[in-house]
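Here the structure is laid out as structure tokens; the discussion comes afterwards.
A note on names: the letters A, B, ... follow the listed sequences, proteins ahead of strands, and every chain is numbered from 1.
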Protein chains: 2
Amino acid sequence: MDAVLKAIAEPRRRQILRLVGEREMAAGEIADHFDITRPAISQHLKILREAHLVTERREGTRRLYRAEPETLAELRTFVEEFWTPGLQRLRDLAEATETAASTRAATEDDKETP
Amino acid sequence: MDAVLKAIAEPRRRQILRLVGEREMAAGEIADHFDITRPAISQHLKILREAHLVTERREGTRRLYRAEPETLAELRTFVEEFWTPGLQRLRDLAEATETAASTRAATEDDKETP
DNA sequence: CACTTACGTTAGATATGTCTTAACTATCTT
DNA sequence: AAGATAGTTAAGACATATCTAACGTAAGTG
């Protein structure tokens with residue numbers, strides 16, 4: 001998952017991912033959408049491939065890329081699992097703090113040893 | 001959203017996020033969970049703060065951090081919107097291709113034998 | 001007030017990423 | 001076989017990230 005998160009942290013790679021999410025595309029066709037050189041795109045594609053965010057299919061001299069929906073699904077699951085019960089508690093706490101803004105240390109007695 | 005994605009691309013920052021997602025925590029307390037120095041943690045916290053993934057609250061000399069559920073919700077929405085109709089079409093296409101010819105995908109990240 | 005506690009910020013070293021140019025590989029065409 | 005086409009890999013320049021050590025700051029304490 002680390003590789004996935006690092007891969008999507010790059011704006012161009014997200015754009016590539018959107019392109020090959022629409023439909024299968026050859027490497028050169030992808031490169032046409034950008035200002036940077038083809039080798040740079042090739043390197044981005046390698047990172048996406050190694051993160052299993054895209055798959056490659058060879059057809060003659062061309063290499064056709066497409067998004068890998070499974071990995072995207074895993075990413076979605078991963079992000080959703082950051083939404084744990086603990087977070088829901090924090091959400092409630094934030095609400096309470098806003099409502100009674102002047103209340104100090106009403107609900108937090110976590111550490112009191114100086 | 002770019003700041004959010006870059007922020008969560010770092011493993012330590014994700015771990016910090018999990019810690020302050022459980023409950024509010026002081027900076028030093030967070031640092032105790034890691035091998036790296038306190039300044040390093042402070043820098044990570046700054047990045048998380050600037051991405052609005054955590055909020056800071058001062059109490060005496062301490063600074064208490066907690067996760068910001070709203071930003072996490074936005075992240076979740078963002079990731080889910082990568083799941084467009086186009087992707088569903090690719091999913092179907094992949095199924096059809098597998099059924100028809102059982103083509104081997106070219107995910108060769110295991111090419112280390114010299 | 002000086003002193004401690006809790007943190008942040010700065011400066012600089014080292015590691016990682018991203019790009020370009022040049023060279024390379026594989027496939028198709030003639 | 002030679003050349004054209006499509007794409008990757010390699011080498012190196014430059015930018016960005018991440019860490020440590022040293023210093024700075026603000027709030028509490030004797």
Please enumerate all residues that pass side chain to side chain contact (heavy atoms under 4.5 Å, CB included) together with B:H33, with sequence neighbours excluded.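 Here the qualifying residues are B:L19, B:M25.
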Please enumerate all residues that pass side chain to side chain contact (heavy atoms under 4.5 Å, CB included) together with B:A51, with sequence neighbours excluded. B:A3, B:V4, B:A7, B:L53
Rounding to an integer number of Å, can you tell me how far [X] [atom1] sits from [N] [atom2]?
| X | N | atom1 | atom2 | answer |
| --- | --- | --- | --- | --- |
| B:R58 | D:dA27 | CZ | C1' | 11 Å |
| A:R63 | D:dG7 | CZ | C1' | 6 Å |
| B:L45 | C:dT9 | CG | C1' | 14 Å |
| A:K46 | D:dT9 | NZ | C1' | 7 Å |

At under 4.0 Å between heavy atoms, what does B:A26 touch on the DNA or RNA strands: base, sugar-phosphate, or nothing?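 The residue B:A26 makes sugar-phosphate contact but no base contact.
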Would one find a side-chain N or O of A:S42 under 4.0 angstrom from OP1 or OP2 of D:dT8?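 Yes, within the criterion.
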Taking OP1 and OP2 of D:dT8, is either one under 4.0 Å from a side-chain nitrogen or oxygen of A:Y65? yes
Which pairs count as salt bridge (Lys or Arg N to Asp or Glu O under 4.0 Å) when at least one residue sits in residues 2-12 of chain B, sequence neighbours excluded?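 Only A:R14-B:D2, B:D2-B:K6, B:E10-B:R12 qualify under salt bridge (Lys or Arg N to Asp or Glu O under 4.0 Å).
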Name all pairs fulfilling the side-chain hydrogen bond (donor to acceptor under 3.5 Å, both in side chains) condition that reach into residues 35-46 of chain B, sequence neighbours left out, sorted by first residue then second.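 Those involving residues 35-46 of chain B are B:R13-B:H44.
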So which protein N/O to nucleotides 15-22 of chain D N/O distances come out below 3.5 Å?
{"from": "D:dT18", "atom 1": "OP2", "to": "B:R13", "atom 2": "NH1", "distance (Å)": "3.2"}
{"from": "D:dC19", "atom 1": "OP1", "to": "B:R12", "atom 2": "NE", "distance (Å)": "2.8"}
{"from": "D:dC19", "atom 1": "OP1", "to": "B:R12", "atom 2": "NH1", "distance (Å)": "3.2"}
{"from": "D:dC19", "atom 1": "OP1", "to": "B:R12", "atom 2": "NH2", "distance (Å)": "3.3"}
{"from": "D:dC19", "atom 1": "OP2", "to": "B:H44", "atom 2": "NE2", "distance (Å)": "2.4"}
{"from": "D:dT20", "atom 1": "OP2", "to": "B:T37", "atom 2": "N", "distance (Å)": "2.9"}
{"from": "D:dT20", "atom 1": "OP2", "to": "B:T37", "atom 2": "OG1", "distance (Å)": "2.6"}
{"from": "D:dT20", "atom 1": "O4", "to": "B:Q43", "atom 2": "NE2", "distance (Å)": "3.3"}

Results of ring-ring contact (aromatic ring centres under 6.0 Å, His included) for A:F34 - residues two or more places apart only: none
